[in-house]
Amino acid sequence: MTVVLYNTLSRRKEPLETLEPGKVNIYCCGVTVYDHCHLGHARCYVVWDTVRRYLQWRGYGVYYVQNFTDIDDKILNRARTENTSMQTVADRYTAAYFEDMARLNILEADAYTYATKTLDGIQRLIGELEHKGYAYPADGDVYYAVRKFAGYGKLSGRRLEDLQAGASGRVNPSETLKHDPFDFALWKAAKPGEPSWSSPWGPGRPGWHIECSAMIREQLADTIDIHMGGSDLIFPHHENEIAQSEAATGKPLARYWMHNGMVNVGGEKMSKSLGNFTTIRQLFETNPGLSPMALRLFLLQGQYRKPVDFTAVALAAAQNSWHTLREGLEFGPQFGPNLGWQPQDLAAEAAVLDRETASVQTFQVAMDDDFNTAGGLAVLFDLAKDLRRAGNLITHTGGADTDSETLKNQWQTLVTLAQVLGLQAGPKHQPESPPGLSVAAIEELLDQRQQARAAKDFAASDRIRDQLQAGGIALIDKPGGVTEWYRQS
RNA sequence: GGCGACAUAGCCAAGUGGUAAGGCAGAGGUCUGCAAAACCUCCAUCCCCCGGUUCGAAUCCGGGUGUCGCCUCCA
């Protein structure tokens, strides 16, 4: 069995065959650091983080590189309005990026690259393209001559003639420096007051697309295994990357191109220009009870290539779903010791999980098929529900009807597979001393309630029950007049 | 206008030829003074519409309809 993934380049699912057996080189287009990340970014990086985790679990040595675009007009504009420097703005939102991603349990890349730290590579690449006749300088700018590259359009499936027809109203004829409306800037001459770097073409800064081509070459190789990013980057960004890199090296830039679908709001793409975006931090500020894992789960419940509609209802459903999974994940720490599991066993044995079980196989079959996370999640829910049931039976009746060994295996499987999807219950925040009522006070109130019930003064007994409930104490009335209680978390 | 994607229950969603996973919500039952919790059970004769291929189609083919994305910065 092998991993199959959808390749935008061929528009088909293809078996993953890496350049070097057992190793996968990945480059993922990162963010332009001029604002906080929104839910579209959340989806993108949750999806690729999950792909990365899965490939690792499947035994691949994964090397994952991601960039920060820290030279850009939008950053510059922001710096201008704030009367500060481009670097200050970039640093701030780079830091914010890391905070947001950590919250969503997204693993850090093996290497991060920055436009500001890639200028040598960028200039070398531009020089090479100029030398080979793919680029031409024009008044301090340097442009890529799109028509020189025969394969232009192969990723996005469009031809220049089509582009011309459709874009006729949108192409700006005032850009006279370009030989052709579809040529794009590799280097932009400095304007007064803007940060700039010296270059053979005069002071200036790099265009957007060139940084990725230069970074991939510098950090990875001429040809990498997988290049990923948002589907809105297919054209022109990734198309231009291909044109730049392949013209320079004569080799394919990436064997596989993967693209995630957009996050929609009310059926429309969430985007800056539409102004309909919610930042990750806004979401959690306005929904204090929302778990970051619920957002992650929400994003993994759909196929990564399809658009997903973000609604309050869907989010609430995901929160409830996460609750179910979390109860299963917490079964181990909660009940394991009572069932005779040794804490050290839990971690050690999970690491060498038996992969031949039906659960793991079902999970793997789903995930092998272009990362079918929704299919994989079904396995997690089956396990979590079984464990939740067992836990409830222990709490409510004193014992489960499944043997300890089976429960342990189920729990370890659940934890392991959840980890592959980046879903973690996280440490239980147990307060030092439980707040509210003391055990003695609770026992006293229960005693009073029992007396009231015996006297059939149900108004009084219900009042006590409400009082306890308000203090976070839930009651379980059992047959025979026995009442048990537990603190609700 | 060009290119592309998608359409499955109240909602989300998997499933690409063999007779509809999973989640959320909901319903009934047991228990209870009533609840809560828990446990048990149920919840798409059918996959946008119309044709076709096939012993058999949500799945393949043809034709519609609808929604969305890209073609400008975008994850």
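All values derive from a computational prediction rather than experimental measurement. Chain A is the first sequence line, chain B the second, and so forth, proteins listed ahead of strands; every chain is numbered from 1.
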Rounded distance in Å between the C1' positions of G33(B) and C11(B): 38 Å
B/S/- contact track for nucleotides 21-37 of chain B, protein heavy atom under 4.0 Å: BSSSS-------BBBBB
P-based separation of C12(B) from U19(B) [nearest Å]: 27 Å
Residues within residues 227-237 of chain A bordering RNA chain B, heavy-atom distance below 4.0 Å: G229(A), G230(A), D232(A), L233(A), F235(A)
Under 3.5 Å, which donor-acceptor pairs do the side chains of residues 106-116 of chain A form with other protein atoms, sequence neighbours left out?
| unit_1 | atom_1 | unit_2 | atom_2 | d |
| --- | --- | --- | --- | --- |
| D110(A) | OD2 | Y64(A) | N | 2.7 |
| Y112(A) | OH | A109(A) | N | 3.0 |
| T116(A) | OG1 | D70(A) | OD2 | 2.5 |

is_close_aromatic(H36(A), Y93(A)), centroid dist under 6.0 Å: yes
Touch class at under 4.0 angstrom, heavy-atom based, for F298(A) against every strand present: nothing
Pairwise C1' distance, A58(B) and G17(B) [rounded to whole Å]: 11 Å
Position toward the 5' end of RNA chain B (nearest nucleotide), G302(A) or K272(A): G302(A)
C1'-based separation of C31(B) from U67(B) [nearest Å]: 49 Å
G4(B) to A25(B) separation - P atoms, rounded to the nearest Å: 41 Å
C44(A): partners by side chain to side chain contact (heavy atoms under 4.5 Å, CB included), with sequence neighbours left out: W48(A), N260(A)
Salt bridge (Lys or Arg N to Asp or Glu O under 4.0 Å) contacts in which one or both residues fall within residues 39-49 of chain A, not counting sequence neighbours: D49(A)-R53(A), D49(A)-R296(A)
Sugar-phosphate, base or nothing in reach of G261(A), heavy atoms under 4.0 Å: base
Sugar-phosphate, base or nothing in reach of H259(A), heavy atoms under 4.0 Å: nothing
Aromatic plane relationship, Y54(A) with F371(A) - under 30° parallel, 30 to 60° tilted, over 60° perpendicular: perpendicular
Using a 3.5 Å cut-off and no angle test, enumerate the donor-acceptor pairs between side-chain atoms of residues 455-469 of chain A and protein atoms at least two apart in sequence or in another chain.
| unit_1 | atom_1 | unit_2 | atom_2 | d |
| --- | --- | --- | --- | --- |
| D457(A) | OD1 | A460(A) | N | 3.3 |
| S461(A) | OG | F458(A) | O | 3.0 |
| Q469(A) | NE2 | Q488(A) | OE1 | 3.0 |

